[in-house]
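Only a predicted model underlies this, so the values are computations on that prediction, with no experimental measurement involved. Atoms within each ligand, like the ligands themselves, are counted from 1 in listed order. Along the sequence shown, residues carry numbers from 1.
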Amino acid sequence: MSSFVNPKKKRSGIEDPLTFKERLAALRNLPAFFRMVWQTSPGYTLTNALLRTAQSAMPLLLLYIAKLIIDEVVLLSKGGPQVSANHLWELVALEFGLAIISDALSRGISMLDSLLGDLFANHTSIKIMQHAAALDLDQFEDSEFYDKLERARQQTVGRTILLSQALSQVQDLITMGFLAAGLLLFNPWLILLLLLAVIPAFLNESRFNDLYYKLAWGQTSDRRELDYIRYLGASDETAKEVKLFDLSHFLISRFKVIADKFYTDKKQLEVRHAMWGSVFAMLGSAGYYAAYIIIILETVHGKLSIGDLAFLAGSFRQLRATFQGILIRFSSVTQGAMYLRDLFDFFEIKPRMKATLHPRPFPRPMREGFVFENVGFKYLNSDKWAIRHLSFTLHAGEKLALVGENGAGKTTLVKLLTRLYDPVEGRILLDGVDLREYDIQEVRTQVGVIFQDYQRYQMTVSQNIAVGNIRENNNLPLIENAARQSLAAPLIEKMTDGYEQMLGRRFNQGIELSGGEWQKIALARAYMKEAQLLILDEPTSALDARAEYNVFLRFADLTKDKTAVLISHRFSTVRMANRILVLERGQLAEIGSHEELLAQKGRYAELFELQAAGYK
Ligand SMILES: Nc1ncnc2c1ncn2[C@@H]1O[C@H](COP(=O)(O)OP(=O)(O)OP(=O)(O)O)[C@@H](O)[C@H]1O
């Protein structure tokens with residue numbers, strides 16, 4: 001299979017620099033987000049909301065009780081022996097009780113945030129995997145779709161932070177409501193002063209939020225390069241070449257250039273932010289002290305008690321601090337809310353391949369085989385036909401080899417046979433009925449295929465083989481049998497842990513295999529189920545010539561009564577097939593047996609001679 005990396009289209013969503021208004025609009029994603037959180041665990045969500053509401057009343061209650069205590073102390077200090085201190089101690093006990101409750105609430109809230117966050121990340125990851133599995137293969141090849149999936153996937157863990165931040169934001173707003181109500185009751189003018197103290201600071205913070213965001217946005221592609229260099233410079237997959245080509249100096253100096261530029265830009269902004277931030281903080285403090293002076297004067301003139309003074313000054317201070325907390329959190333909450341859009345967009349993508357309402361069962365046994373009728377296919381992201389005007393029959397029981405130069409369309413043909421894609425033009429018939437009429441799951445069960453770019457699962461040997469028929473995951477005799485058939489058994493028997501041997505270097509005690517060894521293991525997957533059509537798309541390219549020959553001899557033997565398609569660039573293998581189909585730029589060039597095609601002296605004969613000459 002050959003596919004080029006597409007030049008990235010303009011990436012949607014988050015990467016465009018958004019205005020402040022647009023960022024506010026992103027908050028509209030939050031209700032849907034909270035619905036998802038609710039679905040994750042209604043019990044935890046409700047408890048969390050209740051605890052947070054209770055907690056948001058605490059600052060006001062504590063301040064008010066402190067006021068009552070101060071007033072009571074003043075009264076007692078002035079009063080004679082007839083004044084009882086009982087009430088004072090009741091109040092102190094009440095404050096003590098509230099302080100304990102408030103601590104317990106905080107603990108409960110952070111515990112629930114953390115648990116709910118974990119559950120949410122798991123729930124979302126599962127939803128993403130389920131949704132991705134339901135989509136079509138060609139959707140994964142659309143770069144915009146892929147970006148969405150990538151971001152949705154990366155963001156699941158980040159969203160747990162959003163959860164606690166968004167909840168804290170709501171909680172702080174309620175706290176502010178309570179405190180503001182307290183202030184309003186005593187002196188409405190103080191609210192005006194408060195607004196004066198915080199609004200300029202808010203506007204300043206928003207402006208800097210925007211500047212930070214724009215800076216980060218402008219650096220997106222450099223940042224990706226930085227991540228890429230970091231990966232190249234320190235990863236198991238690249239270590240070999242980095243050493244041999246002595247790339248580390250080159251990579252480090254490139255990294256330094258970009259990273260230093262980031263640092264300088266960020267530093268400039270940080271310094272400006274710190275300067276303006278202090279100016280507006282001063283303004284805020286001036287507002288606070290103006291209010292404080294008013295309260296002090298009113299107290300001196302006897303309009304307010306000492307307790308009122310403490311209460312009002314405390315409320316004012318706390319209101320300002322809470323508001324600043326909201327400001328600081330604001331940018332990360334909106335940023336998080338914008339990423340949510342990617343997640344929701346991803347969930348809204350629907351599969352395009354239509355399932356029939358009344359699917360037919362796969363014929364058992366297949367009688368006629370597959371007929372391609374003028375089949376044409378082009379990939380979603382390409383204007384070029386990968387296959388066009390293709391008509392031929394794959395008879396039941398036949399062994400057909402596909403031959404053609406790189407990019408001729410061999411893998412595409414296989415993908416059409418397995419219904420990873422549907423033809424754009426023409427149709428494929430199975431026993432006279434359009435392949436689309438059959439149950440897609442049945443097609444996938446009855447057709448066994450091993451692609452050239454098969455996955456190397458970083459799992460045990462037995463799991464690596466069982467993926468060919470994962471329902472038989474625990475059926476060791478079947479797995480061992482498959483390994484014997486693909487000629488992988490002798491290799492596995494030499495491993496320390498045999499079938500339980502972990503493969504790949506990612507996990508503890510995993511061992512790395514050679515390309516050919518991996519292929520033998522992957523080939524065993526083909527023998528895990530009783531498929532009627534078996535397809536090997538060049539999964540033997542890393543085997544040496546003798547091993548490939550043996551594998552195909554065995555394959556021909558084991559598929560005696562089955563239909564088989566094989567793709568190989570080695571003609572010694574290809575000639576074992578009953579018929580050979582030569583593809584040229586997506587079209588059928590020749591079809592026939594090895595002898596017939598040689599006699600025709602066409603494309604096949606030319607390619608065959610070319611390879612034979614190489615061995616002379
Ligand atoms: N996912 C894809 N998206 C877009 N174009 C693709 C994709 N996969 C393949 N193509 C294009 O379709 C054409 C046929 O590719 P295909 O992989 O079927 O060739 P092939 O004969 O299997 O090649 P090879 O021998 O190199 O494996 C090529 O021009 C290729 O660039």
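Under a 4.0 Å criterion applied to the non-hydrogen atoms of T412, ligand 1 contributes the atoms 14 (C), 15 (O), 16 (P), 18 (O). Interface atoms of ligand 1 facing A386, defined by a heavy-atom separation under 4.0 Å, are 12 (O), 13 (C). Ligand 1 places these atoms under 4.0 Å from at least one heavy atom of H569: 25 (O).
In terms of N/O distances under 3.5 Å, ligand 1 is not approached by Y421. Remark: ligand 1 and N406 share an N or O pair separated by less than 3.5 Å (distance only, no angle test). Note: no N/O pair closer than 3.5 Å links K415 and ligand 1 by distance alone. When only interatomic distances are considered, the shortest N/O to N/O separation between G404 and ligand 1 does not fall below 3.5 Å.
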From CA spacing to verdict: ring pair (Phe, Tyr, Trp, His ring centres under 6.0 Å), Y421, Y379: CA-CA 9 Å; Y421 302 110; Y379 287 94; 5.4 Å; yes

Steps toward ring pair (Phe, Tyr, Trp, His ring centres under 6.0 Å) verdict (F255, F250): CA-CA 9 Å; F255 186 91; F250 166 75; over 10 Å; no

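Between K520 and L487, the shortest heavy-atom contact is CD-O, 3.6 Å.
The pair K410-E405 does not count as a salt bridge, with every side-chain nitrogen at least 4.0 angstrom from each carboxylate oxygen.
Between the choices W385, F377, Y379, F451, the shortest heavy-atom distance to atom 5 (N) of ligand 1 belongs to Y379.
Using cut-offs of 30° and 60° on the angle between ring planes, the pair H131 and F347 is perpendicular.
Partners of E373 under the side chain to side chain donor-acceptor pair (under 3.5 Å) rule, at least two apart in sequence or in another chain, are R427. Remark: H594 engages Y604 in a side chain to side chain donor-acceptor pair (under 3.5 Å) (not counting sequence neighbours).
For the ligand labelled ligand 1, residue A408 lies inside the 4.0 Å heavy-atom shell. At a 4.0 Å cut-off, at least one heavy atom of K384 sits close enough to ligand 1 to count as contact.
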